[in-house]
Amino acid sequence: MSSIDEIKAVGIVNSLKDWPQAKQFTYKPHKARPQDVDIKILACGICGSDIHASKGNWGELPLPRAFGHEIIGEIVAMGEGVDSSKFKIGDRVGVGAECDSCGKCWRCDHDLQNTCRKSKSLYLSTYDDGTLVQGGYASHIRVNSKFVIPIPEKLKTEHAAPLLCGGITGFRPLLSYGVKKGTKVGVYGFGGIGHMTVMFAKALGAEVTVISRGYSKKEYAMKLGADHYIATSEEGFESKNYDTLDLIVNTGSDFDHESLTKVISMLRPDGRFTFITAPPAGVKLELVPMFYLLNCIHIGGSDIGSPKEIEYMFQLAAEHDIKPMVETFDISEENVTKAWEKVDSGDIKFRAVLTGYDKFFK
Ligand SMILES: [Zn+2]
Ligand SMILES: [Zn+2]
């Protein structure tokens, strides 16, 4: 394919200690493979993972690095191995947090590429030729078309972007549980991921309870369709709500044994509690088997979603007119810094999206 040999980006150039000072740089993409497409980026959401990774919460990373794995853009070049019945030049498409997998294991064979043991993740991995996998705070991205998602026309670019990581992360546990009309879903934590999870659970017909620390988010939660609201700051909240939930999705950052146990105790027998957000490195939880045994409760986790699951999520989002609440920032060194600081302090209602790529990268 006619390839791009230099990509302009904004990210961390010298040391993760420079956070939140973002700087411009350029990089050479990996050599184009038959299955690759080149995408001109239009927008990219800012995920909590971008903050963890760029700040060094998950350890050192080879630099320079562009972060961002909620990418919407247009295809500008296609390799000869790309499925031309699915994609053509000019299509608006999305790329999420995964960009490659082995394609041969049981998991890849069963549309669970997100769990492939050899999967590569956008901006944390390295390609086999030694090129760093870069993210979406950049003019373009070259990526395996198997991980490229068509975006329904009905969805606006800035609303579609956050679905590619935050959206699917909260949606997949609902799919995996088999949420349907009447399932009682608890969404624990009401931020970027949580507010999207509420909308998807409603779209599947669930009765949704938002569980948050205080009451400050109640109005937003009810506006987005939540049926009930529980504040964990209220003494005895758990016993007042015993056996009201089938599934709880932990969309926030509570990894504390004591408070988690209270929240989990609201589940009905055979209920499920699912972790979906990444804790800082090294976090471990105490597990008291007797508690799970006596209450017949399942505890587990879920990581993003496969391309097939992401495509299904976008169909549902288009059908149900799901629009995440976003704050947009025109991409620049200053605005990446500003947006990172706002996301890090929790001062965003509810997801930040970088836009204005044409103006900045020209
Ligand atoms: Zn695999
Ligand atoms: Zn993410």
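Indexing begins at 1, ligand by ligand and atom by atom, following the structure's order. The figures that follow rest on heavy atoms only: side chains count, while hydrogens, waters and symmetry mates do not. Numbers here are sequence positions counted from 1.
Salt-bridge check for K338 with E333: failed, with every basic side-chain N at 4.0 Å or more from each acidic carboxylate O.
H69 has its closest N, O or S atom to the Zn ion (ligand 2) at the position named NE2.
Taking the six-membered ring for Trp, F273 and Y188 have ring centres at least 6.0 Å apart.
Between C116 atom SG and C108 atom SG, the angle centred on the Zn ion (ligand 1) amounts to 100° (nearest 10°). Rounded to 10°, the angle formed at the Zn ion (ligand 2) by C165 SG and C47 SG is 120°. Rounded to 10°, the angle that SG of C105 and SG of C102 form at the Zn ion (ligand 1) is 110°.
For the salt bridge (charged side-chain N to carboxylate O under 4.0 Å, His left out) condition, the pairs that include at least one residue of residues 170-188, sequence neighbours left out, are R172-E309, K184-E207.
Counted by atom type alone, N114 and D303 present zero donor-acceptor pairs between their side chains at under 3.5 Å.
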